[in-house]
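Following: one structure in structure tokens, then a few remarks.
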Amino acid sequence: MYFDSHLQQAELALLNAPFEADGWLKAVRAIGEATGTETVQLVGVGGPLHVAFNVMSALPHDPHGHMRNMRLLGPDNWRIAVTDKAMAIRHEEHYRAQGVGRGSTDYDDAMSDLDFQFGCHAALLHEPHSFTRLGLLRSRREGPCSPEVLQRFACLAQQAERAIRTQLALGEDAAQLMLGGLDGLHEATFLLDRTAQLCALTEAAEAALSDGSGVRIEGFMFKLANAAEDAAFGAAFARLITSDPAHQAIIHETRVGRSVDFPQGRWRLVAARLPEAPHGFGFEPAVAVTLRPYSR
């Protein structure tokens, strides 16, 4: 079937999106291929990503500047109006219900000009004053979303949500980690292979090893000084390594470094399963472990 390989490619593109240059652009284009939709949009305003962003698989013909008009994000926007919770798929049926008896609005006119009357969307992250939304903007030619398109979109929206959370967990260094090695990374990051042996580390990670922070290298093995924390990390690491990265856990977060001085833990540890991709390390890192100071 035509869509099968494209669905798999889109899942892979989303898995790799936080770690590639233009990864999110590649991902939304792959979603378009998988759903038969030319224009796919990933948009976010406010919240943990801090800055507004708008990634589109194709730029529409927009002589009136609708895509730059922030007023269209107001109450007349029926896509926003029906977005009431995270990961709920909203589509033409919901749009029609929201627009009943309201007549023409600026948003209606803009969608007609842009030829985006149809489609579906899901809020990947949904907070009172922020959102991150993935949507299909379908033309008259493409028509409303079929049940198959909605099913495929729901699957890919789940992958997109996981990828966004990976991006947030790893921070701004995520893409640099895979593209340019460890140079320029400012956080305490350790790269481990599939056996939890150290492949490389940043300067900040070297400092963490030498200042009694509760992290150590035993032989080449990454260890936590606290025995209970080390056992828990070992179990989590095994889950990350053995899981199917397309559908199971790729992020583990916890507090480590508990001591008399830091009873709640000194660090927030983020362990992320890395995608299998060509890179410049000269070895095969499987998991990135980053330590960030824990704010009590």
Can you run down the ring-ring contact (aromatic ring centres under 6.0 Å, His included) pairs that involve residues 201-229, sequence neighbours left out, and say none if there aren't any?
Phe190-Phe222, Phe222-Phe233
Go through the structure and list residues passing side-chain hydrogen bond (donor to acceptor under 3.5 Å, both in side chains) with [X], not counting sequence neighbours.
X: Arg29; value: none
X: Arg140; value: Ser112, Asp115
X: Glu38; value: none
X: Asn226; value: none

Sequence neighbours excluded, which residues qualify as side-chain contact (heavy atoms from CB on, under 4.5 Å) partners of [X]?
X: Lys223; answer: Arg216, Glu218, Met221, Asp230
X: Leu114; answer: Pro60, Asp62, His66, Met67, Met111, Phe116
X: Glu92; answer: Arg96, Phe118, Pro144, Cys145

Partner set under salt bridge (Lys or Arg N to Asp or Glu O under 4.0 Å) for [X], not counting sequence neighbours:
X: Arg255; value: none
X: Arg266; value: Asp211
X: Glu161; value: Arg165
X: Arg90; value: Asp84

